Amino acid sequence: MTRLSVEMLAADVPEPITSAGHAQLGIAVLAGIAVIVLLITKFKLHAFLSLTIGSLALGAFAGAPLDKVITSFSTGLGSTVAGVGVLIALGAILGKMLADSGGADQIVDTILAKAGGRSMPWAMVLIASVIGLPLFFEVGVVLLIPVVLMVAKRGNYSLMRIGIPALAGLSVMHGLVPPHPGPLVAIDAVGANLGVTLALGVLVAIPTVVIAGPLFSKYAARWVDVPAPERMIPQRPSEDLERRPGFGATLATILLPVVLMLAKALVDIVIDDPEHDVQRVFDVIGSPLIALLAAVLVGIFTLGMPAGFSRERISSLVEKSLAPIAGILLIVGAGGGFKQTLIDTGVGRMILDISEDWSIPALLLAWLIAVAIRLATGSATVATVSAAGLVAPLAADMSTTHAALLVLAIGAGSLFFSHVNDAGFWLVKEYFGLNVGQTIKTWSIMETIISVVAGALVLLLSLII
């Protein structure tokens with residue numbers, strides 16, 4: 001917490017907060033979130049504007065001076081963008097390079113060539129999980145849908161038997177594994193260690209994606225038996241390319257930032273001496289900024305050039321990759337502003353008191369808050385940034401591993417039951433040619449399984465480590 005935050009908290013919310021103070025702050029939180037929900041769902045206002053207005057409403061209902069509320073919001077927005085904005089941009093560049101160079105198609109075709117029959121759903125979840133590491137969820141869906149539809153049609157598979165594992169792989173990566181925006185924002189908000197969060201995120205993701213993907217797809221295929229809609233099979237990016245990068249080079253490029261960040265976490269655990277030369281080296285090369293920057297630079301030589309891209313085309317590719325993430329950056333930044341407003345008005349202290357008075361485990365409370373906001377707004381990102389702001393004070397006395405688990409609890413809750421107020425719901429519905437009821441029976445239930453299984457695994461890990 002910044003010095004400004006501490007001063008404002010001390011000035012505006014005396015310690016300890018009285019029950020009347022709790023009541024006013026509770027009303028302020030509900031009013032602020034209600035404003036955000038109504039603006040997003042009823043008035044279809046962009047989430048950035050909704051979060052901004054909701055932050056101001058929260059401060060006003062809490063009785064804080066509006067000039068200080070504005071300062072809090074601006075401070076939180078700036079610090080959040082500074083912390084994760086560059087990482088989101090680098091991830092977008094890497095994802096665009098992976099898609100346009102044909103690297104993603106190369107991974108898909110190589111794995112599918114080795115798979116067949118009963119192993120196909122497992123191949124699809126593997127493809128989606130690997131491809132989903134550097135890609136935003138929506139981009140991953142657009143990239144993988146042609147593959148899902150073609151595999152289902154040519155192999156005479158049930159569309160849900162192939163599609164659900166692919167969607168599960170993408171969704172789990174999106175909610176639990178950095179460098180996706182949601183986990184990055186939560187890590188920044190609660191002060192968690194990125195390497196430890198990444199390692200635990202992968203540990204939770206593997207059984208979660210197996211249960212929600214290949215295993216659940218058996219039942220989804222029975223409940224909803226639909227053919228692949230031919231009208232929705234678009235052209236694959238690499239069909240216009242004369243050549244594309246190799247499988248090994250593409251996979252190595254995708255996994256490079258993950259390996260570097262995990263290596264840093266491992267060195268931190270083994271050596272545990274900030275002054276040691278080896279740890280200092282890994283602190284640099286394993287930092288998210290350097291790890292992702294290294295992957296982008298390596299990708300120019302392993303993805304762009306093997307695909308025959310000129311320097312001008314690579315430059316244009318980078319420029320085109322940045323435009324679509326402007327909205328995401330603003331939403332993430334406004335979420336940081338909302339988080340800082342929550343802290344500075346004393347809501348963080350209130351959440352801390354409630355968790356102690358009610359004896360609710362911090363991880364369960366974080367999951368429940370994220371679930372409530374997800375159901376109300378439909379946005380996993382909004383649910384993550386809002387819940388992270390609310391429960392951030394709970395991480396103050398946590399160990400490194402439990403702070404990372406707090407991030408994963410928030411991420412798990414943010415995926416709960418996608419329905420009609422979620423853009424992802426309609427994306428899946430239209431691409432797969434489903435009606436609303438069929439989408440709920442498949443996609444919505446799959447998201448709920450991911451959320452519940454991941455949340456349960458996080459709670460289980462908290463008892464072990």
Side-chain angles (χ1 to χ4, degrees), residues 107-108 110-112 114-135 137 140-141 143-145 147-148 151-152 155 157-178 180 182-183 197-224 251 254-255 258 262 363 367 380 404-405 407-409 411-418 424 428 432 441-465:
I107 288 180
V108 168
T110 302
I111 294 178
L112 290 184
K114 306 289 185 180
R118 294 183 177 181
S119 66
M120 191 60 73
W122 298 90
M124 292 306 303
V125 82
L126 177 61
I127 290 169
S129 298
V130 173
I131 297 293
L133 274 173
L135 294 177
F137 176 79
V141 169
L143 194 65
L144 282 181
I145 286 301
V147 178
V148 170
V151 168
Y157 296 102
S158 163
L159 179 58
M160 291 299 107
R161 191 76 174 101
I162 302 300
I164 288 296
L167 292 172
L170 289 173
S171 186
V172 168
M173 292 297 112
H174 172 72
L176 300 178
V177 182
H180 285 279
T197 307
L198 175 58
L200 292 175
V202 172
L203 185 63
V204 170
I206 292 172
T208 300
V209 81
V210 167
I211 294 170
L215 296 184
F216 171 65
S217 68
K218 293 181 181 180
Y219 301 96
R222 295 174 191 168
W223 298 339
V224 178
L251 187 62
I254 294 173
L255 296 180
V258 177
L262 287 178
L363 299 180
W367 185 84
L405 291 175
V407 170
L408 298 179
S414 74
L415 298 175
F416 192 87
F417 195 74
S418 163
V428 172
F432 283 178
K441 288 180 182 178
T442 53
W443 161 255
S444 299
I445 293 180
M446 181 206 77
E447 287 282 88
T448 305
I449 291 172
I450 291 173
S451 179
V452 173
V453 171
L457 288 172
V458 167
L459 290 173
L460 180 62
L461 281 175
S462 71
L463 301 175
I464 299 173
I465 57 176

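Because the structure is predicted, anything quoted here is derived from the model rather than measured. The figures that follow rest on heavy atoms only: side chains count, while hydrogens, waters and symmetry mates do not.
- Ring pair F216/W223 is perpendicular by interplanar angle, where above 60° counts as perpendicular and below 30° as parallel.
- In plain terms, the two heavy atoms of A454 and A412 that are nearest each other are CB-CB, 3.7 Å.
- Closest approach of I450 and T208 over heavy atoms only: O-CG2, 3.7 Å.
- A donor-acceptor contact shorter than 3.5 Å links the side chain of R161 to the backbone of P214.
- Every pair passing side chain to side chain donor-acceptor pair (under 3.5 Å) that includes a residue from residues 442-463 is listed here, sequence neighbours excluded: S171-E447, W367-S451, R374-E447, S418-W443.
- With a 4.5 Å cut-off on side-chain heavy atoms, L408 and T197 count as touching.
- A 4.5 Å side-chain heavy-atom check between L251 and T110 finds every atom pair outside the cut-off.
- Scanning both residues, A123 and I111, for their nearest heavy atoms gives CB-CG2, 4.0 Å.
- Of the possible polar contacts, one joining the H180 side chain to the G132 backbone as a donor-acceptor pair under 3.5 Å is found.
- Residues Y219 and M160 have side chains not in contact (no heavy-atom distance under 4.5 Å, counting atoms from C-beta outward).
- When each of V177, L176, V453 is tested with V204 by the rule side-chain contact (heavy atoms from CB on, under 4.5 Å), just one qualifies, namely L176.
- Contact check for I449 versus I445: side-chain heavy atoms found under the 4.5 Å cut-off.
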